[in-house]
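Worksheet: the structure to be examined is printed underneath.
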Amino acid sequence: MRIEALPHSFFERDPLVCARELVGCELVWNGCAGIVVETEAYLACGDEACHTFMRPSARAFIEQHSPGTAYVYLNYGMYWLLNVLVKGGSEDGFVLIRAIEPTRGIELMQQRRQVRAKAPMSYSLHALCSGPGKLTQALGIDGSDHGRDLCAGSGIGFVPNTKPVKLTTDVRIGISKAAHLPWRFLLRGSQFVSVQPGGKKRSKQP
DNA sequence: ACACGGATACTA
DNA sequence: AGTATCCGTGTC
């Protein structure tokens, strides 16, 4: 039997709601997969940490694409980060996928991670996808996925969660602007997140 | 603690 | 062209 992916309508709501509800869903990518355990919301309007604040190209992307489209960009010159476009609800924005708990294709994911990380600890199960740059490496996501429709049922996208999930909220990670907003959502108690809630790597110094 | 590395958007 | 910044990671 075939499981339906999250439809476009899922992403036609407030970005904070989408970020919250994506936790617990399974991210599937060409045979590899993992449960989403950490997300962050970014708002297109008034959020200084969102790309739309400084990048005309990000604003154009929102104009030209449908909700549920992948927004993938290169950060620090070496890590691809996966966002999902949220559009058509009360506010537009993005959801950054920050960590997943590996479920399928684990050996292949470890293979891909070993290329960049030599120490076995770096690609052990708990560290395999525990960060936005790590999970894109593991799943083989790169710039060619920028603009991809994640609701097309092509074996790439999100599978709805079945059980209710317990969530934790915390501030966003690694940003220098609007760093106080509690727009990071985590699966409560998960050992697969990038930084535990209340952890030390909070935000960059002003 | 530090190096790694490139796209984007500024200044001129 | 040159500069500043950036939603990170692995190893020092």
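None of the values given here were measured: they were computed from a predicted structure. Every heavy atom of this structure was used, including side-chain atoms; hydrogens, water molecules and symmetry mates were not. In what follows, chains are A, B, ... by sequence order, proteins preceding strands, each numbered from 1.
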(request) For Tyr79(A) and dG5(B), give me the distance from atom OH to atom C1', rounded to whole Å. (result) 10 Å

(request) Could you tell me the separation between the CG atom of Asp170(A) and the C1' atom of dC7(C), rounded to a whole number of Å? (result) 15 Å

(message) Assess the residue pair Lys134(A) and Ser130(A) against the criterion (side-chain hydrogen bond (donor to acceptor under 3.5 Å, both in side chains)); give the C-alpha distance rounded to whole Å, side-chain angles, the decisive distance to 0.1 Å, and a yes or no.
(response) CA-CA 6 Å; Lys134(A) 294 178 179 182; Ser130(A) 60; 2.9 Å; yes

(request) Please report, rounded to the nearest Å, how far the C1' atom of dG6(B) is from the CG atom of Asp142(A). (result) 14 Å

(message) Within the 4.0 Å heavy-atom criterion, would you say Arg184(A) contacts the bases, only the backbone, or no part of the nucleic acid?
(response) nothing

(request) For a ring pair (Phe, Tyr, Trp, His ring centres under 6.0 Å) with His51(A), tell me which candidate from Tyr42(A), Phe61(A), Tyr71(A), Phe94(A) qualifies. (result) Tyr71(A)

(message) Roughly how many Å apart are dG10(C) and dA7(B), using the C1' atom of each and rounding to a whole number?
(response) 22 Å

(message) Going by side chain to side chain contact (heavy atoms under 4.5 Å, CB included), Ile35(A) matches just one of Val23(A), Thr103(A), Val159(A). Which one?
(response) Thr103(A)

(message) Cation-pi check for Tyr79(A) against Arg116(A): NZ or CZ below 6.0 Å from the six-membered ring centre and within 45 degrees of the axis, yes or no?
(response) yes

(request) Have a look at Leu22(A) and tell me which of Leu27(A), Val86(A), Ile97(A) forms a side chain to side chain contact (heavy atoms under 4.5 Å, CB included) with it. (result) Ile97(A)

(request) Let me have DNA chain B in dot-bracket notation, would you? Count Watson-Crick plus G-U wobble pairs, both distances under 3.5 Å, and use [ ] for pairs crossing earlier ones and | for inter-strand partners. (result) .|||.||||||.

(message) Can you tell me how far apart NE2 (His65(A)) and CZ (Arg148(A)) are? Round to the nearest 0.5 Å.
(response) 12.0 Å

(request) Kindly compute the distance separating CZ (Arg113(A)) from CD1 (Ile106(A)), expressed to the nearest 0.5 Å. (result) 13.5 Å

(request) At under 4.0 Å between heavy atoms, which parts of nucleotides 7-12 of chain B does protein reach? Answer with one letter per nucleotide, 5' to 3': B base, S sugar-phosphate only, - none. (result) -SSS--

(message) Please determine whether salt bridge (charged side-chain N to carboxylate O under 4.0 Å, His left out) holds for the pair Arg98(A) and Glu40(A), giving the CA-CA distance in whole Å, both sets of side-chain angles, and the decisive distance to 0.1 Å.
(response) CA-CA 7 Å; Arg98(A) 283 196 59 91; Glu40(A) 282 178 0; 3.8 Å; yes

(request) Report the distance from atom CG of Leu16(A) to atom CG of Leu181(A), rounding to the nearest 0.5 Å. (result) 9.0 Å

(message) What is the separation between atom CG on Leu16(A) and atom P on dC7(C), rounded to the nearest whole Å?
(response) 17 Å

(request) Return no unless some side-chain N or O of Ser176(A) is found under 4.0 Å from OP1 or OP2 of dT5(C). (result) no

(request) Identify whether a stacking contact exists between Tyr76(A) and dG8(C), where the ring centres must be under 5.5 Å apart and the planes under 30° apart. (result) yes

(message) By nearest atom, which of the nucleotides dT11(C), dT9(C), dG8(C) is closest to the Lys118(A) side chain?
(response) dT11(C)

(request) Looking only at side-chain atoms of Ala117(A), point me to the closest of dT11(C), dG5(B), dG10(C). (result) dG10(C)

(message) Using a heavy-atom cut-off of 4.0 Å across all strands, would you classify Ala49(A) as base, sugar-phosphate, or nothing?
(response) base

(message) Measure OH/Tyr73(A) against P/dG6(B) and give the value in whole Å, please.
(response) 17 Å

(message) Taking the minimum atom-to-atom distance to the side chain of Ser122(A), which one of dC6(C), dT11(C), dT9(C) wins?
(response) dT11(C)

(request) Provide the distance between the two C1' atoms, one in dA1(B) and one in dC7(C), to the nearest whole Å. (result) 23 Å

(message) Is the positively charged end of Arg13(A) above the ring of Phe10(A), judged by distance under 6.0 angstrom from the centroid and angle within 45° of the axis?
(response) yes

(request) Would you mind reading off the distance between Phe53(A) atom CZ and dC6(C) atom P, rounded to a whole angstrom? (result) 12 Å

(request) Tell me what Gly133(A) touches on the nucleic acid: a base, only sugar-phosphate, or nothing, going by heavy atoms under 4.0 Å. (result) sugar-phosphate

(request) Could you state the atom-to-atom distance from NZ of Lys134(A) to C1' of dT11(C) in whole Å? (result) 13 Å

(message) Students often get this wrong, so: under 4.0 angstrom with heavy atoms, is Tyr42(A) touching a base, only sugar-phosphate, or nothing?
(response) base

(message) Side chain of Lys177(A) only, heavy atoms from C-beta on: which candidate in dC6(C), dC7(C), dT9(C) is closest?
(response) dC6(C)

(message) Between P on dT9(C) and CE on Met78(A), what's the gap in Å once rounded to a whole number?
(response) 11 Å

